[in-house]
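Not measured: the values here are computed from a predicted model.
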Amino acid sequence: MDTKTEPKPEAPASSETADPAEKARSGIDKTGRPWALVTLDNPLDRSGTEVVDVTIRKPRGGDLRGTKLTELYAADVVAMSIVIPRISEPMIHRQEFMDMDGEDIAQLSGEVINFLLTKSQRREASLTE
């Protein structure tokens, strides 16, 4: 069994110390893995600590196990609830995800779908920079 852990993505600037307009919204971590920052409209409350920003890493094959790509492309909430905990920092637990408001589920799911698009699909949709 492989027990190596993924390095954390370069942490975006803390919401307490930086102007929100200056926060990096996406990037590439030290391992070359792309990530995107999602600011939740409805922060999660974890024992008095609010989780406002969630970093989503580009999923790899192992992160997608137990789901079907067609379900993920369709933004199936159950499929996303399997993948999101594996690629989020801080980790959004499956039950937390299922209890989130729709707009936050849509934001997180949208980032996952964006990562799954091919370069030509992004170009076609004018999502490439």
Side-chain angles (χ1 to χ4, degrees):
M1 183 166 88
D2 187 7
T3 59
K4 80 175 177 184
T5 57
E6 290 283 331
K8 285 189 177 183
E10 289 293 314
S14 165
S15 56
E16 296 174 359
T17 60
D19 180 353
E22 294 178 18
K23 270 194 250 183
R25 303 306 302 173
S26 63
I28 297 177
D29 69 13
K30 293 176 185 175
T31 67
R33 192 171 185 184
W35 59 267
L37 182 69
V38 174
T39 300
L40 301 175
D41 287 345
N42 305 288
L44 294 174
D45 182 15
R46 289 188 175 163
S47 303
T49 302
E50 276 194 341
V51 176
V52 177
D53 293 327
V54 178
T55 302
I56 300 293
R57 292 181 306 277
K58 182 177 183 176
R60 293 185 176 148
D63 299 321
L64 303 174
R65 70 186 180 284
T67 63
K68 296 177 182 167
L69 288 175
T70 55
E71 294 170 342
L72 294 170
Y73 279 124
D76 180 82
V77 175
V78 174
M80 289 293 178
S81 75
I82 293 169
V83 173
I84 296 285
R86 297 173 182 168
I87 61 171
S88 59
E89 178 67 40
M91 185 171 93
I92 304 300
H93 300 277
R94 187 172 189 179
Q95 191 56 51
E96 284 179 314
F97 182 79
M98 296 301 275
D99 290 340
M100 290 177 121
D101 288 325
E103 60 267 29
D104 291 324
I105 288 174
Q107 284 188 91
L108 293 167
S109 299
E111 290 300 338
V112 173
I113 293 166
N114 185 46
F115 282 134
L116 296 175
L117 296 175
T118 64
K119 289 178 185 177
S120 64
Q121 288 171 320
R122 279 204 266 331
R123 258 192 317 274
E124 222 172 86
S126 301
L127 296 174
T128 343
E129 296 176 13

Is there a path from Met100 to Met91 through hydrophobic residues (I, L, V, M, F, W, Y) whose side chains come within less than 4.5 Å of each other?
-> no
Drop me the distance from Ile82's CD1 to Leu64's CG, to the nearest 0.5 angstrom.
-> 10.5 Å
Verdict with supporting geometry, Asp63 and Lys58, side chain to side chain contact (heavy atoms under 4.5 Å, CB included) | CA-CA 9 Å; Asp63 299 321; Lys58 182 177 183 176; over 6 Å; no
Worked check of side chain to side chain contact (heavy atoms under 4.5 Å, CB included) between Val51 and Arg46 = CA-CA 7 Å; Val51 176; Arg46 289 188 175 163; 4.0 Å; yes
Taking every heavy atom of Phe115 against every heavy atom of Pro34, the minimum-distance pair comes out as CE2-CB, 3.8 Å
Which atoms form the tightest heavy-atom contact between Met80 and Ala75, and what is the distance?
-> CE-CA, 4.1 Å
Between [X] and [Y], is there a donor-acceptor pair closer than 3.5 Å when you use the side chain of the first and the backbone of the second?
{"X": "Asp29", "Y": "Thr31", "answer": "yes"}
{"X": "Ser81", "Y": "Val78", "answer": "yes"}
{"X": "Arg86", "Y": "Pro59", "answer": "no"}

Indicate yes or no: at least one non-hydrogen side-chain atom of [X] is less than 4.5 angstrom from one of [Y].
{"X": "Arg25", "Y": "Thr39", "value": "yes"}
{"X": "Arg33", "Y": "Ile87", "value": "yes"}
{"X": "Pro85", "Y": "Ile92", "value": "no"}
{"X": "Leu72", "Y": "Ile113", "value": "no"}
{"X": "Val77", "Y": "Phe97", "value": "yes"}

Partners meeting salt bridge (Lys or Arg N to Asp or Glu O under 4.0 Å) with Arg94 (sequence neighbours left out) = none
Residues that Asp104 engages under salt bridge (Lys or Arg N to Asp or Glu O under 4.0 Å), provided they are two or more places apart | none
Val54 and its side chain to side chain contact (heavy atoms under 4.5 Å, CB included) partner, picked from Ile84, Leu37, Leu40 = Leu40
Intermediate values then yes/no, side chain to side chain contact (heavy atoms under 4.5 Å, CB included), Asn114 and Arg122 = CA-CA 8 Å; Asn114 185 46; Arg122 279 204 266 331; 3.7 Å; yes
Please test Asn42 against Glu103 for side chain to side chain contact (heavy atoms under 4.5 Å, CB included), starting from the C-alpha separation and ending with a verdict.
-> CA-CA 9 Å; Asn42 305 288; Glu103 60 267 29; 2.8 Å; yes
